[in-house]
Amino acid sequence: MTTDSTFRTQMIEAREAPDQSRGVLGWFRANLFNGPINSIVSIVVILLLARLVWPFLEWAVIDADWIGTAREACTGEGACWVFISARFESIVYGFYPEAARWRVDIVFALLAILVAWLAVPRMPRKKWVALFTLVVFPIIAFFLLVGGSFGLEYVPTRAWGGLMLTLTIAVVGIVGSLPLGIILALGRRSKMPFVKGVCVIFIEFWRGVPLITVLFMASVMLPLFVPGELDFDKLLRALIGIMFFWSAYMAEVIRSGLQAIGKGQNEAGQALGLSYWQRMGLIILPQALKLVIPGIVNTFIALFKDTSLVLIIGLFDLLAIIRAGLTDSNWLGFSTEGYVFAAAVFWIFCFSMSRYSQYIERRLNTGHKR
Amino acid sequence: MSEATATETTAPGSDGPMIEIDHLNKWYGNFHVLRDINLTVTRGERIVICGPSGSGKSTMIRCINHLEEHQQGSIVVNGVPMTNDVKRIEQIRRNVGMVFQHFNLFPHLTVLENCCLSQIWVQKKPRAEAEKSAMEYLERVQIADQALKYPGQLSGGQQQRVAIARALCMRPEVMLFDEPTSALDPEMIKEVLDVMIELAHEGMTMLCVTHEMGFAKTVADRVIFMDQGQIIEEAPPTEFFNNPRSDRTQLFLSQILGH
């Protein structure tokens, strides 16, 4: 019997993996050229990419015109970015009066600083900065952008436009729809039939109408029903419509996160004597929101891109202002440059949000790995 | 309402029974889960509840801190009668610690934060004080060295010991254990039982739903056998194990001790 059994006196040391599976070459071998079919596919794709990307680069960078102030500068074969640089001010500020544009600069510089402060984990006093961003900053931004008090010139919202309007709508939409979505999601899971009913109706109504309809209703139909002296600003109506619309989507994203949290978490909180809001705020929501970060950011990105729909109710966002520039008789025929530029701006913002969300996900995850 | 405030200020029933359950009935829809339960637990008493699965033992102890709502009968905990009033329920829960089968630690908080959460938010203690008392209890369950880790980094036995420390941090008068060792690997059961035995020797009032008959023999003052939502038999452990009176108890004991 003893001949069948194994008996080891020395343990085997760990050895390095073979050369072929490591390094750059190893990566190419494992991912692009592991077998004849894969190698052929890889080569075809690389060639195709080269055929498509190279002409675009030629047009957009190599043969492009960069310097100048007028149409006469457009001499090359490729894109004429002079169109963008010549109209840059209006693309950023819309019809905002030139003398007051410093106010826009201050608001967005301040916003950039605050967002960066909140986004970088190392920065201290997050609570106070967050409170400032959510409470004090909107008031400052409102008085600076609208004006009409403290000796500032009044700028009606119909003069707002361009990137500044796009960012205003996006920021208000994002900041407004997230908390509203959380409340709606909690309400929809409430045991109180009235609260639950109101939330379900709200969510299903706003999810069931296209955003364009919401915007039309806000700009055209609402004034028909509301008495004249209550007539409030068109941009404000659009903002409220966008906020409600996206909060309904947000609510469903967050609800899916709430449902993924086990019943035991809530019960443990109950057993410790925590109140409903303490359980939600300290135990359930931190976990649920973390789970649905991809969904939340997905909604943010969709919201950001859909801000350009406000052009159908006569607000000139980034895309609309570029389109308006195309009808300028000096600049006929530069639509490709205009649209490519608009796409690039939107892409930069959306891609940044996406990357930041991935970073946050990784950061929040570390605590739970074994 | 005046009754509730009176009970709050006069340190309720410091010599009456700890828990009084009187003609408790509960239904899930039409299913009668708890049938006429009567149980009085005196201060410092250690009770083990056993019975086949689905016999209502977990449901019964979950009624004591209102994780389950009952439809008939009354429960009085530490002199405070249970009602549907949220404030009253929260008052009772502050006095009743609970340990769950699946630990239910908060995975997004460290071990220390798990233990401090309710001290800070329910008892309104300053953070430093809460952390100090949390560390004392973590020391007692011998896991203080893991205080800054997350629950996901601990073994099941360690997690359950943290869960016990978390409940003890609220300085409860009663501890409820809902199958605390059922989800553990065999080699980790002992470390949890040791903590529970120590707690029993310190005089904590305990109600344990468990299949650990060794634990019942060592520490229980009374063993309760439940089946089909009813208390079938209730006796001191020596009598319960050596001389069970009901057929169902005998059958149950032969099934869990018979191998």
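Below, chain A is the first sequence line, B the second, and so on; all start at residue 1. Computed from a predicted model, the values in this text were never measured in an experiment.
For chain A, the nearby parts of Phe106(B) are the backbone and the side chain; heavy atoms of each come within less than 4.5 Å. When heavy atoms are compared at a cutoff of 4.5 Å, Arg62(B) approaches chain A solely by way of its side chain, counted from C-beta outward. Contacts of Ile89(B) with chain A are absent, with no heavy-atom separation under 4.5 Å from either backbone or side chain.
Contacts with chain A were tallied for Met170(B), Met98(B), Arg93(B), Gln101(B); Arg93(B) has the most, counting heavy-atom pairs under 4.5 Å.
Applying the side chain to side chain donor-acceptor pair (under 3.5 Å) definition to pairs two or more places apart or across chains, those involving residues 135-149 of chain B are Tyr137(B)-Arg171(B), Arg140(B)-Glu202(B), Gln146(B)-Lys149(B).
Checked against ring pair (Phe, Tyr, Trp, His ring centres under 6.0 Å), Phe351(A) has the following partners two or more places apart in sequence or in another chain: Trp347(A). Under the rule for a ring pair (Phe, Tyr, Trp, His ring centres under 6.0 Å), the partners of Phe304(A) that lie at least two apart in sequence or sit in another chain are Phe346(A), Phe349(A).
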List the steps and the verdict of side chain to side chain donor-acceptor pair (under 3.5 Å) for Gln119(B) and Ser133(B). CA-CA 9 Å; Gln119(B) 294 189 69; Ser133(B) 108; 2.9 Å; yes
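Heavy-atom contacts from other residues, nucleotides or ligands closer than 6.0 Å to NZ of Lys305(A) number 12 or fewer.
Residue-level contacts of residues 252-271 of chain A with chain B, in order of numbering, are Lys263(A), Gly264(A), Gln265(A), Glu267(A), Ala268(A), Gly269(A), Gln270(A), Ala271(A); threshold 4.5 Å between heavy atoms.
Ring centers of Phe202(A) and Phe244(A): under 6.0 Å apart, within the cut-off.
For the side-chain contact (heavy atoms from CB on, under 4.5 Å) criterion with Met82(B), the lone passing option out of Glu69(B), His70(B), Arg88(B) is His70(B).
Using a 4.0 Å cut-off between charged side-chain N and carboxylate O, Lys132(B) and Glu129(B) make no salt bridge.
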